[in-house]
Visitor: 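Questions regarding the structure given below will be posed in turn.
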Amino acid sequence: MERLQKYYLSAILVFLLFSCNESFEDMSPAERKALSEKVFKEGGFLGQGSSASMTRIERAVAIDPTNCDAVRELSVAMLKRGLIDKWKPTFDKAVACDPKIWTPWRGYLYLQFYRDYDKAIADFDASDTLTPDFIDAPQGQSVDYWRGIAYLGKKDYVSSIEYFSKYIDTTTEEVGEDWAEPTAFLYKAIAYYEAGDMENSELAIDKFLFYHRDKTAEGQYYKARIALSKSNCILAKEKLDLAYLNYKEDNLFRHPYTEVLRQLYIGNLDDLKVEIEECFTNTPILK
């Protein structure tokens, strides 16, 4: 019933937008600005990326092209609907409209949706220049955290570890380590692991497991891999069994729209299972 009511209201809003004969061409800039904000805010209940929502935002932008929030919202709706040829030019307009706010956000979109690590890093670096007095946090996370992921994607492990360490240290100093995003420890562990530093990788993965109370498929998976690297077949199997259990219980790191970097799949666990079986086969039996 509630959903039907929303659809009904959406239809009414779209009808009003198209049937309205009100001309805004002769309005003053202040009047157009006020009307644009009114149109934009009145449809806030509509689903992001829906036709009704985009119609509402397009009208708000047509009334006042300097409505930065509306321009940005329109571009994100395009991105989520897969309108690849339209989202970028529109988002660039939002960046030009308010570079301090939307430059780091564009970097986040480059990273999360396109895996364009170089452009993401360039925007994150630019945000440091634009806002030297504070660290920007698109999508609620520090640009240092996002830079750590971007450099991991580039396999620049030294830079990745540097930025994850900076993010964790800064958060710890300001509000306490337990306020840091736990996946920073996961990604830091992965960077160390892929760089061949098993000791530091295990320290970081233990932190990730601690903050997740051991209920994480990724944490147990990397514990198993680290154990296997030390030819500890028994421990590797124990940790892999826990990884399978947590995977089955959906204790996983996922993003609602895109694949996360180094996303864990059941195939990764199955491949590791084969490696561990070979470990038992190839490990000499002590007498």
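Keep in mind it's a predicted model, so treat the numbers as computed, not measured.
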Visitor: Any chain of hydrophobic side-chain contacts (each under 4.5 Å) joining W105 to Y114?
Guide: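 Result: yes, single cluster for both.
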Visitor: Does NZ or CZ of R147 lie under 6.0 Å from the centre of the six-membered ring of Y110, at an angle within 45° of the ring axis?
Guide: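 Pair R147/Y110 does not count as cation-pi.
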Visitor: Side chains of N67 and D64: do they bring a donor and an acceptor to under 3.5 Å?
Guide: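 Their side chains do not contain a donor-acceptor pair, so the 3.5 Å distance test is not met.
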Visitor: For the pair Y211 and E177, evaluate side chain to side chain donor-acceptor pair (under 3.5 Å) and give the outcome as yes or no after the intermediate values.
Guide: CA-CA 10 Å; Y211 285 115; E177 185 186 81; 2.5 Å; yes
Visitor: Dump the intermediate steps for side chain to side chain donor-acceptor pair (under 3.5 Å) on Y265 and E259, then the final yes or no.
Guide: CA-CA 11 Å; Y265 293 101; E259 180 185 68; 2.4 Å; yes
Visitor: If you look at every heavy atom in W102 and F91, which pair is closest and at what distance?
Guide: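 That closest heavy-atom pairing would be O-CE2, 3.4 Å.
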Visitor: Hey, quick one: are I149 and I135 part of the same hydrophobic cluster, counting side-chain heavy atoms closer than 4.5 Å, chains of contacts allowed?
Guide: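 As far as the 4.5 Å side-chain criterion goes, I135 and I149 are connected within one cluster.
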Visitor: Should the pair D136-K100 be classified as a salt bridge under the 4.0 Å nitrogen-to-oxygen rule?
Guide: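 Here D136 does not pair with K100 in a salt bridge, since their nearest N and O are not under 4.0 Å apart.
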Visitor: Strictly below 4.0 Å, N to O, side chains only: are K215 and E249 in salt-bridge contact?
Guide: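 Here K215 does not pair with E249 in a salt bridge, since their nearest N and O are not under 4.0 Å apart.
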Visitor: Do the charged groups of D123 and K119 touch, with an N to O distance under 4.0 Å?
Guide: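 No salt bridge links D123 with K119.
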Visitor: Tell me whether K33 is salt-bridged to E37, with the criterion being a basic N under 4.0 Å from an acidic carboxylate O.
Guide: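 Salt bridge present between K33 and E37.
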Visitor: Report yes or no: do S229 and Y193 form a side-chain donor-acceptor pair below 3.5 Å?
Guide: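 Short answer, no.
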Visitor: Could you check whether atom CD1 of I234 has more than 12 heavy atoms from other residues, nucleotides or ligands sitting under 6.0 Å from it?
Guide: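 Result for CD1/I234: open.
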Visitor: Any salt bridge linking E218 with R262? Criterion: basic side-chain nitrogen under 4.0 Å from a carboxylate oxygen.
Guide: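 No salt bridge links E218 with R262.
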Visitor: Assess, by modelled atom type and distance only, whether the side chains of Y108 and Q141 contain a donor and an acceptor separated by less than 3.5 Å.
Guide: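 No.
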Visitor: Between S28 (side chain) and E31 (backbone), is there a donor-acceptor pair under 3.5 Å?
Guide: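 Pair found, side chain donor or acceptor close to backbone of E31.
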